[in-house]
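Since this is a predicted model, take the numbers as computed values, not measurements.
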Amino acid sequence: MPDTYDTLRSVLTGAFRVPEEEIRPELTLAQLDLDSLALTELVLVLHERLGVRIDGEHASRETTLARIVEHLDALRANAADGAPGATGGPVTAAHS
């Protein structure tokens, strides 16, 4: 299983052009200047890369990168255990 934080960092630098030196676990998505449209795209890209869907509650502008990684790791663990609904549900992102 690839490191979730490294995947998130790669998505932020590649798809959203966030300078790597600005990415730190304690920063929020708002501090990285991601707007609601970017959050929606982030949710979709993470779903493609990691195979789990994160909802808007866990990907709002106030969410830290560390919190997103925690949630993604929990979803991935549930998916690996075959927990129902681990990868299902609507893909949503909170609006700012």
Nearest 0.5 Å, what's the OG1-CZ distance between Thr4 and Arg49?
12.5 Å
Minimal heavy-atom distance between Ser60 and Leu39, with the atoms involved, is C-CD1, 4.0 Å
Mind checking the OG1-CD spacing from Thr63 to Glu70? Nearest 0.5 Å is all I need.
11.0 Å
Could you tell me the separation between the CZ atom of Arg76 and the CG atom of Leu50, rounded to the nearest 0.5 Å?
4.5 Å
Rounded distance [0.5 Å steps], CG in Leu46 versus CZ in Arg53
13.0 Å
Side-chain contact, heavy-atom cut-off 4.5 Å: Leu42 with Leu8?
yes
Is there a donor-acceptor pair closer than 3.5 Å between any side-chain N or O of Gln31 and the backbone N or O of Thr28?
yes
Here the gap from Leu72 atom CG to Tyr5 atom OH, rounded to the nearest 0.5 Å, amounts to 13.0 Å
What pairs meet the salt bridge (charged side-chain N to carboxylate O under 4.0 Å, His left out) rule with one or both residues in residues 36-46, with sequence neighbours excluded?
none
Rounded to the nearest 0.5 Å, how far apart are CG of Leu29 and CG of Asp35?
11.0 Å
Does Thr13 reach the main-chain N or O of Ser10 with its side chain, forming a donor-acceptor pair under 3.5 Å?
yes
Which heavy atom in Ile54 sits nearest to a heavy atom in Leu75, and how many Å separate them?
CA-CD1, 4.2 Å
Check whether any side-chain heavy atom of Leu12 sits under 4.5 Å from a side-chain heavy atom of Leu34, and report yes or no.
yes
